[in-house]
Student: 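Before we start, here is the structure in question, set down as structure tokens.
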Amino acid sequence: MNLNAIPQCWRETLTDDLASPEFQKLQKFVADERAASPVFPPAADVFAALTMTPLTRVRVLILGQDPYHDDDQAHGLSFSVRRGVRIPPSLRNIYKELESDLQIPAAAHGCLEAWARQGVLLLNTVLTVRAHEPNSHRKRGWENFTTRVIECVNELPSVAFVLWGKPAQQKASLIHGRHLLIESPHPSPLSARRGFFGSRPFSQVNDFLKSNAQPPIDWRVDEKPPR
């Protein structure tokens, strides 16, 4: 894992955590896993969420479960895939809810970097996974690390937290009451109809940001149309 890719503002805040024996044990576990079989995302992308959204810029935190576990999907941002990769079912459902909520048509690709650049921290509770084995890296130390990331974000003045799925919702108790907290089922086809659809997270986030004198998120990810 490339710790040097983590921006200085994150590394300063997480100094003790990155140096802890627990995190060293986690690093060894992931390295051993990579030596034995494919692990996603690639080592260079494990901390992409922190790299693309420095702590000082976080305005929204969208929390998922663990990375996509099929080939070429995960690249370090929760729910996102690179351009040219088939859009996964969970992200298709996110796009459906986005269109229902804000009338933004589904994008032609699944790369959510445009959100990350606006201050949307796209985090999972677990940051690596063995290929084709969902949840294979649970309870190995990532949950404690991402808890610390959430605690750091919780210290900011006003952030919208969006928790999708039970593993994400288990972090709800960490979040201060001054923030916006949105909890709903995971957008997976297995659970989206149990409360994800119709939850309108995108408009709720923007209303909260505007009420705190912050610009709303432009949730479009396709190229912006010419003016």
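Given the structure is predicted, the values throughout are model-derived calculations rather than measurements.
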Student: Does some side-chain heavy atom of Asp66 sit less than 4.5 Å from a side-chain heavy atom of Leu127?
Tutor: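 They are not in side-chain contact.
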Student: Just so I know, are the side chains of Thr51 and Asp45 near enough to count as touching, which here means a heavy-atom distance under 4.5 Å?
Tutor: no
Student: Would you say that His179 contacts Asn154 through its side chain, given a criterion of any heavy-atom pair below 4.5 Å between the two side chains?
Tutor: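 Touching, per the 4.5 Å side-chain cut-off.
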Student: Work out which heavy atom in Asp17 is nearest to a heavy atom in Thr13; give both atom names and the distance.
Tutor: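 Result for this residue pair: OD2-O, 4.2 Å.
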Student: Under 4.5 Å between side-chain heavy atoms, counting indirect links through other Ile/Leu/Val/Met/Phe/Trp/Tyr residues: same cluster for Trp115 and Leu77 or not?
Tutor: yes
Student: Looking only at side chains, do Trp142 and Thr128 share a donor and an acceptor under 3.5 Å apart?
Tutor: yes
Student: Hey, is CG on Asp16 packed in by over 12 heavy atoms from elsewhere, all under 6.0 Å?
Tutor: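 Not buried by this count: 12 neighbours or fewer within 6.0 Å.
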Student: Nearest 0.5 Å, what's the CG-CG distance between Leu181 and Leu61?
Tutor: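 Separation between the atoms: 11.0 Å.
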Student: Could you give me the CA-CA distance, side-chain angles and deciding distance for Lys171 and Thr147, then say whether side chain to side chain donor-acceptor pair (under 3.5 Å) is met?
Tutor: CA-CA 7 Å; Lys171 307 284 191 178; Thr147 288; 2.4 Å; yes
Student: Mind listing the closest non-hydrogen atom pair of Ser78 and Ile62 along with its distance?
Tutor: OG-O, 3.6 Å
Student: Please answer whether the main-chain N or O of Leu190 pairs with a side-chain N or O of Arg194 as donor and acceptor at a distance below 3.5 Å.
Tutor: yes
Student: Is a salt bridge present between Glu143 and Lys139, judged by a nitrogen-to-oxygen distance below 4.0 Å?
Tutor: no
Student: Taking Ser199 for the side chain and Ser184 for the main chain, is one N or O donor matched with an acceptor at less than 3.5 Å?
Tutor: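 The answer is no, because no donor-acceptor pair under 3.5 Å joins these two groups.
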Student: Specify the closest pair of heavy atoms between Gln103 and Pro105, including all atoms of both residues, with the distance to one decimal.
Tutor: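 Shortest heavy-atom separation between Gln103 and Pro105 comes out as O-CD, 3.5 Å.
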Student: Under a 4.0 Å N-O cut-off, is there an ion pair linking Asp218 with Arg220?
Tutor: yes
Student: Is it possible for you to say whether Val149 and Leu3 belong to one hydrophobic cluster, with membership spreading through side-chain heavy-atom contacts below 4.5 Å?
Tutor: yes
Student: Taking all atoms of both residues into account, what is the closest heavy-atom pair of Pro88 and Val81, and its distance?
Tutor: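 Nearest heavy atoms, Pro88 then Val81: CG-CG1, 3.7 Å.
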Student: Would Val39 and Val126 show up in the same hydrophobic cluster when neighbours are defined by side-chain heavy atoms closer than 4.5 Å?
Tutor: no
Student: Quick one: does Glu183's side chain have a donor or acceptor within less than 3.5 Å of a partner on Lys166's backbone?
Tutor: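 Side chain of Glu183 to backbone of Lys166, a donor-acceptor pair under 3.5 Å: no, none is there.
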Student: Could you check whether the rings of Phe145 and Phe23 sit parallel, tilted or perpendicular, using 30° and 60° as the cut-offs?
Tutor: tilted
Student: Hydrogens and angles aside, do Glu33 and His137 bring a side-chain donor and acceptor to less than 3.5 Å of each other?
Tutor: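 Yes, side-chain donor-acceptor contact under 3.5 Å.
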Student: Answer yes if Val129 and Val46 sit in the same cluster of Ile, Leu, Val, Met, Phe, Trp and Tyr residues linked by side chain heavy atoms under 4.5 Å apart, and no otherwise.
Tutor: no
Student: Working to the nearest 0.5 angstrom, can you tell me the gap between Ile150 CD1 and Phe161 CZ?
Tutor: 7.0 Å
Student: Rounded at 0.5 Å granularity, tell me how far CG in Leu156 sits from CZ in Arg178.
Tutor: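 Output value for this atom pair is 8.0 Å.
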Student: List the steps and the verdict of side chain to side chain donor-acceptor pair (under 3.5 Å) for Glu22 and Asn144.
Tutor: CA-CA 9 Å; Glu22 180 184 62; Asn144 292 336; 2.7 Å; yes
Student: Kindly determine whether Asn212 and Leu180 satisfy side chain to side chain contact (heavy atoms under 4.5 Å, CB included), including the steps that lead there.
Tutor: CA-CA 11 Å; Asn212 284 276; Leu180 174 66; over 6 Å; no
Student: Step by step, would you call His75 with Ser80 a side chain to side chain donor-acceptor pair (under 3.5 Å)?
Tutor: CA-CA 7 Å; His75 68 120; Ser80 178; 2.7 Å; yes
Student: For the atom pair CD1 (Ile217) and CD (Gln118), what is the distance rounded to the nearest 0.5 Å?
Tutor: 5.0 Å
Student: Which distance, rounded to the nearest 0.5 Å, do you find between the OG of Ser37 and the NE2 of His132?
Tutor: 9.5 Å
Student: For residues Phe40 and Ala131, report the shortest heavy-atom separation together with the two atoms involved.
Tutor: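 That would be CE1-CB, 3.5 Å.
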Student: Does the side chain to side chain contact (heavy atoms under 4.5 Å, CB included) test come out yes or no for Val205 and Ile182, once each step is laid out?
Tutor: CA-CA 9 Å; Val205 166; Ile182 298 173; 4.0 Å; yes
Student: Tell me, do Glu97 and Arg200 make a side-chain contact under 4.5 Å, heavy atoms counted?
Tutor: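 Of all side-chain heavy-atom pairs linking Arg200 with Glu97, at least one is under 4.5 Å.
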Student: Mind checking whether Arg130 and His69 have side chains closer than 4.5 Å, heavy atoms only?
Tutor: no
Student: What distance do Arg82 atom CZ and Gln73 atom CD have between them, rounded to the nearest 0.5 Å?
Tutor: 12.5 Å
Student: Before you tell me yes or no, could you show the steps for Leu14 and Ile6 under side chain to side chain contact (heavy atoms under 4.5 Å, CB included), namely the whole-Å CA-CA distance, both residues' side-chain angles and the distance that decides it to 0.1 Å?
Tutor: CA-CA 10 Å; Leu14 298 168; Ile6 302 175; 5.5 Å; no
Student: Which heavy atom of Phe197 sits nearest to which heavy atom of Asn93, and what is that distance?
Tutor: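 What the structure gives for the nearest pair is CZ-OD1, 3.4 Å.
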Student: Can you confirm whether Arg57 is buried at CZ, in the sense that more than 12 heavy atoms of other residues, nucleotides or ligands lie under 6.0 Å from that atom?
Tutor: no
Student: Determine, step by step, whether Gln8 and Glu12 satisfy the side chain to side chain donor-acceptor pair (under 3.5 Å) criterion, reporting the C-alpha distance in whole Å, the side-chain angles of both residues, the deciding distance to 0.1 Å, and the verdict.
Tutor: CA-CA 6 Å; Gln8 185 67 21; Glu12 288 178 355; 3.2 Å; yes
Student: Looking at side-chain heavy atoms only, is the closest gap between Tyr68 and Asn124 below 4.5 Å?
Tutor: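 Result no, sub-4.5 Å side-chain heavy-atom pair not found.
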Student: What verdict does the side chain to side chain contact (heavy atoms under 4.5 Å, CB included) test give for Trp219 and Asn206, after you've listed the backbone C-alpha separation in whole Å, the side-chain angles of each residue and the deciding distance to 0.1 Å?
Tutor: CA-CA 10 Å; Trp219 295 105; Asn206 280 354; 3.3 Å; yes
Student: Mind checking whether Phe79 and Leu122 have side chains closer than 4.5 Å, heavy atoms only?
Tutor: no
Student: Do Trp164 and Pro185 come close enough that some side-chain heavy atom pair is under 4.5 Å?
Tutor: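 SC-SC contact between Trp164 and Pro185 ruled out.
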Student: Would you say the side-chain atoms of Thr53 pair up with the backbone N or O of Leu50, donor to acceptor, closer than 3.5 Å?
Tutor: no
